[in-house]
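So the structure is just underneath, and the comments pick up after that.
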Amino acid sequence: MPSVTLDRFILENEHAHPGATGELSELLMRFGVAGKRIARELAVAGLAKELGTAGTTNVSGEQQKKLDLLANEILLEAFDYGGLVSTAASEEMEEPYIYTRNAEKGRYAILFDPMDGSSNIDVNGTLGTIFSVRRRQLGGDADLLRSGREQVAAGYILFGPATLFVYTSCEGVHLFTLEPSIGEFLLTKRSVRMPARGKGYAANEGRSAGWPASVRAFTEWLKEKDPEMGRPYSTRYSGSLVADFHRILLEGGIYYYPPDSSTGKSRGKLRLLYECHPLALVADQAGGRASTGLEAILDVVPESLHARVPFAIGSMAEVALYERFVRNEAPS
Ligand code: FBP
């Protein structure tokens, strides 16, 4: 049984940085604690009547589930003491939450998607929490509306058969598994590397009629018979970005959510700051890539807090090919 706990791993890495104050370490450990609390709530949600909708919609016009709001609350509470965080932004809150007690001294701003894969909640499907950490500079939105390269840490908690904690603080990507009987995340894989090429793709093909022709052509290319190029690829789309990304992190491949004129989502569906930037940093640190099709996701600076962006993420080979199709430089 592995024995390196998340806290020990984070603290040992902190000691590698003489100037470290320990605040980022503490902050990452708090995401671990919040993840354990959310895992517990998910496990009993059906019994606790916590499934279903809350009767409200979020700023993106999506129906909020009770568990979206419960997870949001648990995350906000996790940082409500100790003066670490000045601002928290979330998919489930129109405006950022300012920790008034920490507004001046909190050295970090955090962003999160409390419950990714909401359509899986009521059917016991795989879910996740995505998080991003930035340094506080000027305070308020000015600290948030910045490129993805300014993140100091990012990661996700995956709620599946096991609960996993995956993060990077810009020194590789590390994977931990929750050992329920001791309530600790234990190191299961350090310095995870994404395979350069995969065999699967994750996209909601049911919507392909609304996609740009270039993305439809890319999808058709993946499905052609060509054993030498590892084609045809298999479809692996779970309804949860975190679950699909985690598979790609370990097995390679590509996930994409392009612009979709059939649902009026001309900029795609996924939100840049708390879905795409954090996973793009994890992919980048594991040797993969995330793109709009035209530029690296990490270079995109959002105009607004809940801005959407066309998104493709995964192995270098597949994302590079996706970009060639979008730029109409597809292989003949
Ligand atoms: P939520 O954060 O609201 O769940 O939205 C993101 C997401 O659910 C992704 O996890 C998933 O890949 C995608 O949206 C599913 O969207 P669609 O149902 O349009 O395929």
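Reckoned from all heavy atoms, side chains included, excluding hydrogens, waters and symmetry mates. As the structure lists them, so they are numbered: ligands from 1, and atoms in each ligand from 1.
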Minimum heavy-atom distance Gly183-Leu178, with the two atoms named: C-CD1, 3.8 Å
Backbone N/O of Phe31 and side chain of Lys36: donor-acceptor pair under 3.5 Å: no
Ring geometry between Tyr97 and Tyr99 (parallel below 30°, tilted from 30 to 60°, perpendicular above 60°): perpendicular
Whether over 12 other heavy atoms sit under 6.0 Å from Glu94 CD: no
Check: Arg289 side chain, Ser315 main-chain N or O, donor-acceptor pair, under 3.5 Å: no
Heavy-atom pair with the smallest gap, counting every atom of Ala280 and Ile313: N-CD1, 3.9 Å
Distances for all N or O pairs of ligand 1 and the protein under 3.5 Å?
| unit_1 | atom_1 | unit_2 | atom_2 | d |
| --- | --- | --- | --- | --- |
| ligand 1 | 2 (O) | Glu91 | OE1 | 3.0 |
| ligand 1 | 2 (O) | Glu91 | OE2 | 3.4 |
| ligand 1 | 2 (O) | Asp113 | OD2 | 2.9 |
| ligand 1 | 2 (O) | Glu275 | OE2 | 3.0 |
| ligand 1 | 3 (O) | Glu91 | OE2 | 3.0 |
| ligand 1 | 4 (O) | Gly117 | N | 2.7 |
| ligand 1 | 4 (O) | Ser118 | N | 2.9 |
| ligand 1 | 4 (O) | Ser118 | OG | 3.4 |
| ligand 1 | 5 (O) | Arg271 | NH2 | 3.4 |
| ligand 1 | 10 (O) | Asp116 | OD1 | 2.7 |
| ligand 1 | 10 (O) | Asp116 | OD2 | 3.2 |
| ligand 1 | 10 (O) | Leu241 | N | 2.7 |
| ligand 1 | 12 (O) | Leu241 | N | 3.3 |
| ligand 1 | 12 (O) | Tyr255 | OH | 2.8 |
| ligand 1 | 14 (O) | Lys269 | NZ | 2.9 |
| ligand 1 | 16 (O) | Lys269 | NZ | 3.0 |
| ligand 1 | 19 (O) | Arg207 | NH1 | 3.2 |
| ligand 1 | 19 (O) | Tyr257 | OH | 2.6 |
| ligand 1 | 20 (O) | Asn204 | ND2 | 2.8 |
| ligand 1 | 20 (O) | Tyr237 | OH | 2.6 |

